[in-house]
Amino acid sequence: MSLIGTLIWWLFGGLVEAIGWFILGIAWSITIIGIPVGLQCFKIGALTLMPFNATVVSTGGSGSFLLNIVWFFLGGLVMWASHVFWGLLLSITIIGIPFGRQHFKLAALSLSPFGKQIN
(Lines give C-alpha, C1' and ligand atoms only; values in the text may rest on other atoms or scores of the structure.)
Protein backbone atom coordinates (compact mmCIF):
# COMPACT_ATOMS: atom_id res chain seq x y z
CA MET A 1 0.00 0.00 0.00
CA SER A 2 1.16 3.53 -0.59
CA LEU A 3 2.75 5.81 1.96
CA ILE A 4 -0.49 7.78 2.37
CA GLY A 5 -2.43 4.57 3.07
CA THR A 6 0.12 3.44 5.63
CA LEU A 7 0.00 6.82 7.37
CA ILE A 8 -3.80 6.65 7.46
CA TRP A 9 -3.53 3.11 8.87
CA TRP A 10 -1.20 4.30 11.63
CA LEU A 11 -3.47 7.25 12.40
CA PHE A 12 -6.62 5.14 12.68
CA GLY A 13 -5.58 2.44 15.08
CA GLY A 14 -2.55 0.74 13.54
CA LEU A 15 0.06 2.54 15.60
CA VAL A 16 -1.92 2.23 18.84
CA GLU A 17 -2.39 -1.49 18.30
CA ALA A 18 1.27 -2.02 17.40
CA ILE A 19 2.33 -0.27 20.60
CA GLY A 20 -0.09 -2.51 22.51
CA TRP A 21 1.48 -5.62 20.96
CA PHE A 22 4.99 -4.39 21.78
CA ILE A 23 4.06 -3.64 25.40
CA LEU A 24 2.46 -7.06 25.70
CA GLY A 25 5.60 -8.63 24.21
CA ILE A 26 7.81 -6.85 26.74
CA ALA A 27 5.54 -7.99 29.59
CA TRP A 28 5.69 -11.62 28.44
CA SER A 29 9.45 -11.48 27.91
CA ILE A 30 10.14 -10.64 31.56
CA THR A 31 10.22 -14.34 32.42
CA ILE A 32 12.20 -17.01 30.60
CA ILE A 33 9.09 -19.14 30.12
CA GLY A 34 7.24 -16.24 28.48
CA ILE A 35 9.93 -15.38 25.91
CA PRO A 36 8.39 -17.47 23.08
CA VAL A 37 5.08 -15.71 23.67
CA GLY A 38 6.81 -12.33 23.76
CA LEU A 39 8.57 -13.05 20.46
CA GLN A 40 5.24 -13.89 18.83
CA CYS A 41 3.81 -10.62 20.18
CA PHE A 42 6.72 -8.72 18.60
CA LYS A 43 6.08 -10.45 15.25
CA ILE A 44 2.41 -9.53 15.35
CA GLY A 45 3.32 -5.98 16.40
CA ALA A 46 5.54 -5.66 13.33
CA LEU A 47 2.71 -7.06 11.20
CA THR A 48 0.35 -4.52 12.74
CA LEU A 49 2.58 -1.68 11.55
CA MET A 50 2.44 -2.91 7.92
CA PRO A 51 -0.51 -5.34 7.52
CA PHE A 52 -1.27 -4.82 3.85
CA ASN A 53 -0.13 -7.52 1.38
CA ALA A 54 0.77 -9.85 4.27
CA THR A 55 -0.73 -13.30 4.54
CA VAL A 56 -1.04 -15.60 7.53
CA VAL A 57 -0.57 -19.33 6.94
CA SER A 58 -1.49 -21.97 9.51
CA THR A 59 1.23 -24.50 10.28
CA GLY A 60 -0.50 -26.16 13.25
CA GLY A 61 0.77 -28.63 15.82
CA SER A 62 -0.26 -29.95 19.23
CA GLY A 63 2.19 -27.72 21.11
CA SER A 64 0.84 -24.63 19.43
CA PHE A 65 -2.72 -25.74 20.24
CA LEU A 66 -1.94 -25.91 23.96
CA LEU A 67 -0.10 -22.60 23.89
CA ASN A 68 -3.04 -21.00 22.06
CA ILE A 69 -5.38 -22.09 24.87
CA VAL A 70 -3.17 -20.42 27.48
CA TRP A 71 -2.71 -17.36 25.24
CA PHE A 72 -6.48 -16.97 24.73
CA PHE A 73 -7.02 -16.23 28.42
CA LEU A 74 -3.78 -14.36 29.14
CA GLY A 75 -3.77 -11.73 26.42
CA GLY A 76 -5.50 -12.92 23.28
CA LEU A 77 -9.02 -11.97 24.25
CA VAL A 78 -8.03 -8.39 25.10
CA MET A 79 -6.12 -7.88 21.84
CA TRP A 80 -8.96 -9.49 19.89
CA ALA A 81 -11.50 -7.10 21.43
CA SER A 82 -9.29 -4.13 20.65
CA HIS A 83 -8.89 -5.10 16.99
CA VAL A 84 -12.61 -5.81 16.64
CA PHE A 85 -13.40 -2.39 18.12
CA TRP A 86 -11.17 -0.62 15.58
CA GLY A 87 -12.47 -2.82 12.77
CA LEU A 88 -16.10 -1.99 13.52
CA LEU A 89 -15.33 1.69 13.97
CA LEU A 90 -13.48 1.93 10.66
CA SER A 91 -16.06 -0.12 8.75
CA ILE A 92 -18.71 2.54 9.30
CA THR A 93 -17.47 4.47 6.27
CA ILE A 94 -16.73 3.14 2.79
CA ILE A 95 -13.21 4.57 2.87
CA GLY A 96 -12.48 2.83 6.17
CA ILE A 97 -13.58 -0.65 5.07
CA PRO A 98 -10.11 -1.79 3.81
CA PHE A 99 -8.59 -0.66 7.11
CA GLY A 100 -11.35 -2.39 9.07
CA ARG A 101 -10.71 -5.63 7.15
CA GLN A 102 -7.06 -5.51 8.23
CA HIS A 103 -8.12 -5.12 11.85
CA PHE A 104 -10.42 -8.12 11.48
CA LYS A 105 -7.54 -10.13 9.99
CA LEU A 106 -5.38 -9.18 12.97
CA ALA A 107 -8.25 -9.98 15.36
CA ALA A 108 -8.41 -13.53 14.05
CA LEU A 109 -4.64 -13.83 14.40
CA SER A 110 -4.72 -12.47 17.94
CA LEU A 111 -7.01 -15.28 19.13
CA SER A 112 -4.58 -18.03 18.12
CA PRO A 113 -1.17 -16.70 17.03
CA PHE A 114 0.83 -19.87 17.65
CA GLY A 115 1.18 -22.29 14.78
CA LYS A 116 0.87 -19.46 12.29
CA GLN A 117 3.46 -18.17 9.85
CA ILE A 118 3.35 -14.59 8.58
CA ASN A 119 4.34 -14.15 4.93
Between Phe114 and Val37, does a side-chain contact (heavy atoms from CB on, under 4.5 Å) hold up when you go through it step by step? CA-CA 8 Å; Phe114 301 99; Val37 179; 3.9 Å; yes
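- To the nearest 0.5 Å, the span separating CD on Glu17 from CD1 on Ile44 amounts to 11.5 Å.
- The side chain to side chain contact (heavy atoms under 4.5 Å, CB included) search around Ile19 returns Leu15, Ile23, not counting sequence neighbours.
- At a threshold of 4.5 Å between side-chain heavy atoms, the hydrophobic network of Ile, Leu, Val, Met, Phe, Trp and Tyr places Val16 and Phe52 in two separate groups.
- Within the structure, the side chain to side chain donor-acceptor pair (under 3.5 Å) test picks out the following pairs touching residues 21-34 (sequence neighbours left out): Trp21-His83.
- With rounding to the nearest 0.5 Å, the separation of CZ in Phe85 from CH2 in Trp80 is 13.5 Å.
- When every heavy atom of Val84 is checked against every heavy atom of Ala107, the shortest pair comes out as CG2-CB, 3.9 Å.
- Atoms CG and CZ, from Leu7 and Phe12 in turn, are 11.5 Å apart once rounded to the nearest 0.5 Å.
- Residues Leu11 and Ile4 are members of one and the same hydrophobic cluster, defined by side-chain heavy-atom contacts under 4.5 angstrom among Ile, Leu, Val, Met, Phe, Trp and Tyr.
- Residue pairs meeting the side chain to side chain donor-acceptor pair (under 3.5 Å) criterion with at least one member in residues 39-51: none, sequence neighbours excluded.
- The side chain to side chain donor-acceptor pair (under 3.5 Å) analysis of residues 106-116, with sequence neighbours excluded, yields the pairs Ser112-Lys116.
- Under the side chain to side chain contact (heavy atoms under 4.5 Å, CB included) criterion, Ala54 pairs with Leu47, Lys105, sequence neighbours left out.
- Residues Phe104 and Leu88 share a closest heavy-atom pair of CZ-N, 3.6 Å.
- Both Ile26 and Trp71 are part of a single hydrophobic cluster, where members link through side-chain heavy atoms under 4.5 Å apart.
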Side-chain donor-acceptor pairs under 3.5 Å in residues 90-98, sequence neighbours left out?
from  : atom 1 : to    : atom 2 : distance (Å)
Ser91 : OG     : Gly87 : O      : 2.8
Thr93 : OG1    : Gly96 : N      : 3.1

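- Phe73 and Val78 sit in two unconnected hydrophobic clusters of ILVMFWY residues. Membership requires side-chain heavy atoms under 4.5 Å apart, directly or through other members.
- A pairwise comparison of heavy atoms in Leu106 and Trp9 identifies CD1-CZ2, 3.9 Å as the closest pair.
- To the nearest 0.5 Å, atom CZ of residue Phe99 and atom CG of residue Leu89 are 13.0 Å apart.
- Criterion: ILVMFWY side-chain heavy atoms under 4.5 Å apart, direct or through other members. Under it, Trp86 and Leu49 are not part of a common hydrophobic cluster.
- Between Phe72 and Leu111, the shortest heavy-atom contact is CE1-CD2, 3.5 Å.
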